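Input: a single structure, listed below in structure tokens.
Computed from a predicted model, the values in this text were never measured in an experiment.
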Amino acid sequence: RGDAERHERGDLIHREDVPRYFAALEEDRIITANEAQEEPRTHELSTPYLRAHGIGALLDAPIVIEGKSVGVLCHEHVGASRVWQIEETLLAASIADIVALALESARTREVMAQLSARQEELHQALQAASMGAWCWDDTNDAMRWGDALGPLLGYWAGYEPGTLERHLEHVHAQDRDYVAAQFEALRSTDRGTTPFSIEYRAANSGGRSSRRWLRMTGRRVRESAAQTPPWRGVIFDISAEKDVRDQLANAQRLDELGRLAGGVAHDFNNLLTIIRSSAAVISQRVDEVGKAALGAEVAIIEDAARRGA
């Protein structure tokens, strides 16, 4: 009940108390009850509702969304029975449809707002993670970039290369043939949903060489059973990761070189020890004549071994 300025909460009717009426709301386009208290579909409403309010006739139009009743538009005649006219029936059904459309529209706007918010969150997350999305349709060679990928590669948000050939222009010249071969392999073989991953250097805007390293991953994503699914994925900026990996590799090489040098020094010291010991034995065993002849040479050997140790 209500007026133009105020509405009041009405009676509560529970489904378990009037199951036949709620079943009719799900099954019938409209419930026309000229004698509401006798009509089989509305008879259950007599005791809890109709008699209490003196209602003699009902014209109820279910509000249906996606095949399911979500509400009902009730037209109640207070007094004796009433024969509802076809025009009244059509009007009630039309109003219920308008209400359903309004509810669907409101829900669509809500979903679109949520989707827009999620897209913005995804965009911010991709930027924070130094990554962007891409999509390649190998049936027509169309290459699309997500909004976050352009800025990642030195372009504006929303920039798209349009084709694979233009995409390859953003690959370092020395890596371009390798990346092109990887895409050709994707084009010529059906890899299903198996993901792929490649790493290459980027070219700055204008095609200039760059020290930035990228990792490109993706897989086929089926969108329609009647179409060849495109390849979709993301591109990461892995320059920092690459630097760390290179530093680790250099450290490992230096560590291996240090171990090698230590081993060589150890072996060399062993040889020097043998040389010094042999020189000392020679010096002890030669007679005075031999010392006069060999003393200087033995001293040189001992001195060189001592300085090399």
Side-chain angles (χ1 to χ4, degrees), residues 115 118-256:
L115 178 60
R118 298 294 87 76
Q119 287 178 330
E120 179 60 24
E121 291 173 359
L122 176 61
H123 179 72
Q124 296 295 333
L126 290 175
Q127 283 190 322
S130 296
M131 58 190 293
W134 61 272
C135 175
W136 178 52
D137 186 346
D138 53 331
T139 61
N140 57 17
D141 210 33
M143 173 67 78
R144 301 193 303 274
W145 288 0
D147 287 345
L149 189 53
L152 179 64
L153 299 180
Y155 295 86
W156 58 92
Y159 171 82
E160 291 188 354
T163 64
L164 175 61
E165 182 178 1
R166 291 291 304 276
H167 173 82
L168 293 175
E169 294 177 3
H170 306 289
V171 178
H172 192 288
Q174 295 179 359
D175 297 338
R176 197 166 296 156
D177 290 343
Y178 162 72
V179 175
Q182 296 300 310
F183 273 98
E184 192 60 33
L186 297 180
R187 188 200 304 272
S188 60
T189 183
D190 182 12
R191 296 178 58 174
T193 58
T194 303
F196 81 98
S197 178
I198 57 176
E199 295 181 4
Y200 60 89
R201 288 166 291 178
N204 287 332
S205 55
R208 298 185 301 275
S209 298
S210 169
R211 293 177 58 84
R212 301 179 69 187
W213 277 88
L214 304 175
R215 178 182 296 125
M216 187 177 199
T217 64
R219 66 192 308 168
R220 282 198 185 276
V221 178
R222 184 165 298 280
E223 298 176 342
S224 171
Q227 298 178 351
T228 301
W231 291 89
R232 292 184 181 274
V234 293
I235 292 178
F236 303 79
D237 186 339
I238 60 168
S239 301
E241 176 188 336
K242 186 73 174 176
D243 288 343
V244 172
R245 283 158 46 186
D246 289 345
Q247 291 173 11
L248 178 60
N250 288 334
Q252 290 174 337
R253 285 194 293 269
L254 290 174
D255 181 62
E256 293 172 357

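- Applying the side-chain hydrogen bond (donor to acceptor under 3.5 Å, both in side chains) test to W134 and every residue at least two apart in sequence or in another chain returns nothing.
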Take E199 and R215 through the salt bridge (charged side-chain N to carboxylate O under 4.0 Å, His left out) test and state the conclusion after the steps.
CA-CA 4 Å; E199 295 181 4; R215 178 182 296 125; 3.1 Å; yes
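- Nearest heavy-atom pair, R166 versus P161, reported as atom, atom and distance to 0.1 Å: CB-O, 3.3 Å.
- Nearest heavy-atom pair across L164 and R187 is CD2-NH2, 3.8 Å.
- Residues meeting the salt bridge (Lys or Arg N to Asp or Glu O under 4.0 Å) test with D137, sequence neighbours left out: none.
- With sequence neighbours left out, the ring pair (Phe, Tyr, Trp, His ring centres under 6.0 Å) criterion links Y159 to W145, Y155, W156, H170.
- The shortest non-hydrogen separation linking D141 to E165 is OD2-N, 4.4 Å.
- Not less than 6.0 angstrom separates the ring centroid of F183 from the ring centroid of W231.
- By the side-chain contact (heavy atoms from CB on, under 4.5 Å) test, Q174 is found to be paired with H172, R201, residues two or more places apart in sequence or in another chain being considered.
- Side-chain N or O atoms of R220 include none that pairs as donor or acceptor with a backbone N or O of P230 at under 3.5 Å.
- Between G132 and L152, the shortest heavy-atom contact is N-CD2, 4.1 Å.
- Between A180 and L168 the shortest heavy-atom distance is CB-CD1, 3.7 Å.
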Take W213 and D237 through the side-chain hydrogen bond (donor to acceptor under 3.5 Å, both in side chains) test and state the conclusion after the steps.
CA-CA 6 Å; W213 277 88; D237 186 339; over 6 Å; no
